[in-house]
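Residue numbers begin at 1 in each chain, while the letters A, B, ... track the order of the sequences.
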2 protein chains.
Amino acid sequence: LLELTHVTKVYPTQAGEYLALKGLDFTLNRGEMVAIVGTSGSGKSTLMNIIGFLDHCTTGSYVFSGRDVSHLDDEELALIRNQKIGFVFQSFFLLPRLNALQNVMLPLLYRGIQTDLAIKKSLDMLQKVDMKKFAEHKPNQLSGGQQQRVAIARALVGDAEVILADEPTGSLDSKTSHDVMQLFIELNQNENRTIVVITHDKEVSHHCPRVVTLHDGKVVTESSS
Amino acid sequence: LLELTHVTKVYPTQAGEYLALKGLDFTLNRGEMVAIVGTSGSGKSTLMNIIGFLDHCTTGSYVFSGRDVSHLDDEELALIRNQKIGFVFQSFFLLPRLNALQNVMLPLLYRGIQTDLAIKKSLDMLQKVDMKKFAEHKPNQLSGGQQQRVAIARALVGDAEVILADEPTGSLDSKTSHDVMQLFIELNQNENRTIVVITHDKEVSHHCPRVVTLHDGKVVTESSS
Ligand SMILES: Nc1ncnc2c1ncn2[C@@H]1O[C@H](COP(=O)(O)OP(=O)(O)OP(=O)(O)O)[C@@H](O)[C@H]1O
Ligand SMILES: Nc1ncnc2c1ncn2[C@@H]1O[C@H](COP(=O)(O)OP(=O)(O)OP(=O)(O)O)[C@@H](O)[C@H]1O
Ligand SMILES: [Mg+2]
Ligand SMILES: [Mg+2]
């Protein structure tokens with residue numbers, strides 16, 4: 001489905017250039033469920049931002065569905081991202097002036113789905129993350145774990161082919177984490193959706209058939225559990 | 001050191017009033033290290049905001065160091081908070097235009113500490129969370145776990161009597177989490193600082209001599225490990 005080859009990522013900072021990814025190779029097949037693990041600062045979110053068309057690699061190539069996407073402009077990136085990717089961000093990024101239901105509906109409205117169908121699909125997904133009763137709360141009226149679950153619902157509601165989840169259980173207790181993982185597994189097995197999860201939680205990585213470990217900007221090990 | 005008695009907390013929302021704490025009792029003695037656990041939405045952050053003088057209880061009483069603090073105005077709350085409390089927030093709240101070092105120094109400057117001493121203390125604390133080499137990075141130039149560690153350093157740098165940490169390891173891998181817990185244990189045992197940690201991580205709660213469980217706005221169990 002996608003292949004990153006010898007990817008580097010340099011961030012400019014006032015102290016000079018920072019090399020966050022140092023020649024990384026990563027392949028993902030359709031229908032896989034993969035966990036990405038590694039120490040804080042090892043490059044996991046940076047890798048996921050490149051996979052999810054939120055950022056460019058500095059050098060190296062990225063081929064998605066047979067198409068070279070290494071040098072798309074921002075408009076092309078936005079287009080492919082909205083169609084193909086459901087993203088759960090490490091810091092949620094819910095829109096503060098919209099309530100939970102409106103936040104979840106937004107990607108559907110962008111794809112031209114009718115409002116009443118969008119509402120129905122969004123309420124169903126909120127129910128799956130046990131947040132339906134908080135549909136009218138704004139983000140600042142929700143706990144940390146509740147915001148995280150709304151962000152998860154938003155990433156899943158649109159039938160995106162590839163779900164990228166950056167620490168989706170970081171703010172969740174173990175029972176709620178378990179429920180979220182069951183939902184991911186169900187989408188992976190019943191709908192063949194491709195899922196990549198960055199996680200520090202062994203409970204989560206245990207459920208993933210493939211675990212990729214990053215260290216210092218490179219892939220260091222891969223294992224199949 | 002502090003005692004909350006029959007505390008309730010009501011949040012007004014457009015859908016009506018939401019009762020987040022339902023008559024909660026909680027006592028904390030000086031020098032204790034306590035973990036607060038419970039499901040997402042059970043009221044942990046709400047409880048910690050009241051303990052940390054960021055919010056008022058709706059009914060009930062709060063006595064801190066023998067003084068009734070249940071009805072202080074915002075200025076009095078800010079004064080006692082700045083002197084007594086070091087807070088690690090669930091969503092960090094680092095100031096985006098300041099770099100890591102400046103963010104950590106801020107509470108010291110508020111207490112009138114000399115700039116060069118503030119710099120030294122801040123660099124020492126950043127070193128303890130393994131973030132000294134990122135001192136000049138702004139928050140948006142740091143990974144999630146790096147931002148969390150800067151927020152921890154800021155809470156610890158000022159010799160606050162009471163450290164309140166809301167999910168301080170949520171974004172950290174297990175080795176880094178372990179290092180942060182060792183730091184908390186060291187401050188608790190060597191400096192007799194009182195520490196309350198909200199956590200979903202069993203590794204963290206195992207290190208706390210006392211574990212309080214919240215469910216649906218009340219304390220349901222307490223245990224000593
Ligand atoms: N400002 C607010 N307005 C309305 N409801 C709120 C507000 N803040 C919190 N709540 C509600 O109060 C309840 C408790 O929230 P709190 O943040 O204390 O939970 P928590 O135990 O910290 O959860 P988590 O583990 O998910 O962080 C939640 O159900 C939440 O929706
Ligand atoms: N915009 C930026 N400018 C400069 N450096 C950056 C920027 N974003 C990330 N970095 C650096 O790149 C490295 C990798 O960051 P990344 O966010 O990918 O880490 P991570 O593996 O997701 O960590 P965590 O587990 O803490 O979330 C970090 O050392 C970070 O300081
Ligand atoms: Mg990250
Ligand atoms: Mg919370």
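The candidate from B:R149, B:K175, B:K44 with the greatest count of non-hydrogen atom pairs under 4.5 Å with chain A is B:R149. For chain A, the option among B:T176, B:T13, B:T39 with the highest count of heavy-atom pairs below 4.5 Å is B:T39. Heavy-atom pairs under 4.5 Å with chain A were tallied for B:G38, B:S40, B:G145; the largest tally goes to B:S40. Per-residue heavy-atom pair counts under 4.5 Å with chain A were compared for B:Q141, B:E136, B:E167, and the maximum is reached by B:Q141.
Nearest heavy atom pair, residue A:G144 against residue B:Q90, reads CA-NE2, 3.5 Å. In terms of heavy atoms, B:Q146 sits closest to A:G41 at NE2-CA, 3.7 Å. When all heavy atoms of A:S171 and B:H200 are compared, the closest pair comes out as O-NE2, 3.0 Å.
When heavy atoms are compared at a cutoff of 4.5 Å, A:S45 does not approach chain B at all. The contact between B:F134 and chain A is made entirely by side chain atoms (from C-beta outward), counting heavy-atom distances below 4.5 Å.
In this structure, B:E203 places its CD atom where only 12 or fewer heavy-atom neighbours from other residues, nucleotides or ligands lie under 6.0 Å away. Around the CD atom of B:E186, the shell of radius 6.0 Å holds more than 12 heavy atoms that belong to other residues, nucleotides or ligands.
The distance from the CD atom of A:Q14 to the NZ atom of B:K138 is 4.5 Å, given to the nearest 0.5 Å. The NZ atom of B:K133 sits 7.5 Å away from atom OH of A:Y18, with the distance rounded to the nearest 0.5 Å. The line from CG of B:D173 to OG1 of A:T199 is 11.0 Å long, rounded to the nearest 0.5 Å.
Residues B:K202 and A:S174 meet the side-chain proximity criterion, which asks for heavy atoms closer than 4.5 Å.
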